[in-house]
Every structure is written in C-alpha cells, then in structure tokens.
2 protein chains.
Amino acid sequence: MNQTTDQTAEPLLNERLATSGFRFTPQRQSVYAVLLSERDHPTAEDVFIRAKREMPEISLATVYNCLEAFVKCGLARQVTVERGAARFCPNMREHSHFYCDVCVRVFDLPLSGEVARDLPPGFRAVRVDLTIHGSCPDCESAAGLTPAGEP
Amino acid sequence: MNQTTDQTAEPLLNERLATSGFRFTPQRQSVYAVLLSERDHPTAEDVFIRAKREMPEISLATVYNCLEAFVKCGLARQVTVERGAARFCPNMREHSHFYCDVCVRVFDLPLSGEVARDLPPGFRAVRVDLTIHGSCPDCESAAGLTPAGEP
DNA sequence: GTGAATGCAAAACCTTTGCAACTGG
DNA sequence: CCAGTTGCAAAGGTTTTGCATTCAC
C-alpha cells in the first residue's frame, strides 16, 4: 500500500551500498527485495526463509550480514519491539511502531519526533525509539464481536 | 536521591507477592533490595552478582525467577533499551528512558504518556515504551571540554 | 502436607565469529 | 588482483527448562 516508497527505494540499493563501501551482491539484492515486498517487520529468520524461495543456497549468516549492511548504510532499521529476535523494516522515515499484543503484528505509525523536545537540560537526543503496545483495529473489533462464545 | 520511593516500596514486597499468589522468600527479599539500592537499571546478571554479596548461594535461575515474579506482580519493569540483556527497574511510575550511547547508562525520564493520544482510529494503546538515545549531561560536557586531545 | 521456589545443569534461542572458498569492481 | 562476501559450522551471550530437593504457608 505504498508503492512510491518501493519505486524510490529500489534503485538506491546499488549506489547506497557502494557509497558506504559495501558491495552489491545477488544475496543483498534478494534480501532487500524481501524487505520491500512484505513490510511486516520480519525477523532475520523470516527474511531467511523468504529469501530462500528465490535463492535456496543463501545462508542465515549471510542474511544477518546483509541486514547489518543495510542498517549501516541507511537502507533499513533494526526494530526492537519485544525481547527475542530483532525485526527489520525498510521504512527510513521518522516513525514509531505499534505492537499488537493480540495478533503479534507490528504497524508503522507516523508519529512525530516532538517527543524529544522536553528533555531535561544537558541531554542531547540523537534517536527516539517509541513503541506503543496495545491491540490493533482488527483485534479490537474481533474482541467486540465475540463477547463470550460463538453464536 | 529518592528515598521516599524506597521507603514506600519496601513494605509492599510481602503483601504484593502474596496477593499475586507468589511466596515471600529470602531470595526475593534480597533481589528486591538490590533493585532498590542501586537504581541503575541492572541486567539480571548484575542483580545476580550484587545479590550474591549478601546471599552467596543464590543462583542465576532464581534471580530470573524473582525478577519475573516482580514484573508480574507490578513491583518492577523489564526495560529493553538495547539488544542483549534485559534491564530491570523498580520505578513503576509512568516514565520513559534515556540511553546514553557514550557511557551506556540508562536514566529515567519523567515523560508523560501523551504520546499515545494521536493514534490512528481503531488502535487501543495499553503501554508506551519510549527510549531516547543520545548523550547524557556528563558525556556532553566531557565532549565539550576535550576538543582533540588532552592539554 | 502441598504446591511453590530453589539451585544446578542442560537446553533453547538468537546472534556473532572463524575460516576456507569465492567474487565483484 | 584483493578486500569484501559467502556458506558452513562452531561458539557466544542471554534466557528458559527439567528435576530433585527444600521451603513457605
């Protein structure tokens, strides 16, 4: 549901890697394509499984390597919404995350960075990590429809 | 620097555990005392090392058990400011965290929960996890004093 | 007395690392 | 060519689990 981002981001891969001293490899192209195709904040293992569909010989270590390279050159973010496996997201705009405790999905929220404005004196903010936990619209309405049991 | 919290929280341990179906044990008292004494957001292993000073026979598994019990009965929070070990904090007031990338310390910030007000329709917020990364006053002033090398 | 908690060790889980072979620029 | 990358396997750090013993209530 955000095709413009796909189209602007995809061509960047090659040059963005190059300007950061990384090489462009088929594995990195595959992993990045996976990140862009399903923007559901996959874990490294999720990416691994999906990338293997197109490139069966790819290894998990390479997926970690690729994801690390993307984070370092500004093509992806590592997101920590829960303990356990890290998740990755190719949305580089300033945003926050909503974690649905019910369906365990992660949503991007367009929240502004005004949060860091009222810091105590002396602190300098570089990055804001904001995750809101709760229930998403799907799970909220599902909960409302089924008060006790099925009809 | 916050003695009132210590004094109000300590007596709660016994009854708070009981009302949640947990038992009061010497280990839980030790672990909780450790949490209250140094409020520097220790990891489970930090707590383990400190608790062993007073109770040498305590085990790491028990420390994890105690911390889990505290989180479940509302005596402590598990804080994830970085990947790696979880940190624990006995401050149950609504607050956020500041993670200093330089000295790797964690500070409590009195930030309000207004962040969750402008959620898209349908989302219901239950908890807000906010961590601001940057440099703390100590590290900011230290950086300013030493432009290149020592005099 | 009984279920919960402890301590120990082993396992599980996620991630990083070592290294030989390979390859992109 | 050659530093960066790959794939594999092994190791690393954190957390959980199994189980016999002990303990709080």
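No experiment lies behind these values; they were computed from the predicted model shown. Computed from heavy atoms alone, side chains included, the values below leave out hydrogens, waters and symmetry copies. Just so we're on the same page: letters track the sequence lines, and every chain starts at 1.
Whole-Å rounding puts the B:Ile58 CD1 to C:dG7 P distance at 6 Å. Protein atom CG of B:Asn65 is 10 Å distant from nucleotide atom P of C:dG7, rounded to whole Å. One atom, CD of B:Glu82, and another, P of C:dT15, lie 14 Å apart when rounded to the nearest Å. Going from atom CD of A:Glu15 over to atom C1' of C:dG25 covers 16 Å, rounded to whole Å.
Distances shown here put a side-chain N or O of A:Thr62 below 4.0 Å from the OP1 or OP2 atom of D:dG7. The side chain of A:Gln27 places an N or O atom within less than 4.0 Å of a non-bridging phosphate oxygen (OP1 or OP2) of D:dG7.
Between the SG atom of B:Cys100 and the NE2 atom of B:His133 there is a distance of 11.0 Å, given to the nearest 0.5 Å. Put simply, OG on A:Ser30 and NZ on A:Lys52 are 13.5 Å apart, with the number rounded to the nearest 0.5 Å. Taken to the nearest 0.5 Å, the OG1 atom of A:Thr80 stands 12.5 Å off from the OH atom of A:Tyr99.
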B/S/- contact track for nucleotides 15-25 of chain D, protein heavy atom under 4.0 Å: BBB------BS
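Ion pair B:Asp46/B:Arg87 not flagged as a salt bridge, since none of the NZ, NE, NH1 or NH2 atoms sits closer than 4.0 Å to an Asp/Glu carboxylate oxygen. Between B:Arg77 and B:Asp108, no side-chain nitrogen of the basic residue sits less than 4.0 Å from a carboxylate oxygen of the acidic one, so the salt-bridge criterion is not met.
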Donor-acceptor contacts under 3.5 Å from residues 59-68 of chain B side chains, at least two apart:
{"from": "B:Ser59", "atom 1": "OG", "to": "B:Thr62", "atom 2": "N", "distance (Å)": "3.2"}
{"from": "B:Ser59", "atom 1": "OG", "to": "B:Thr62", "atom 2": "OG1", "distance (Å)": "3.1"}
{"from": "B:Asn65", "atom 1": "OD1", "to": "B:Arg28", "atom 2": "NH2", "distance (Å)": "2.7"}
{"from": "B:Glu68", "atom 1": "OE2", "to": "B:Lys72", "atom 2": "NZ", "distance (Å)": "3.0"}

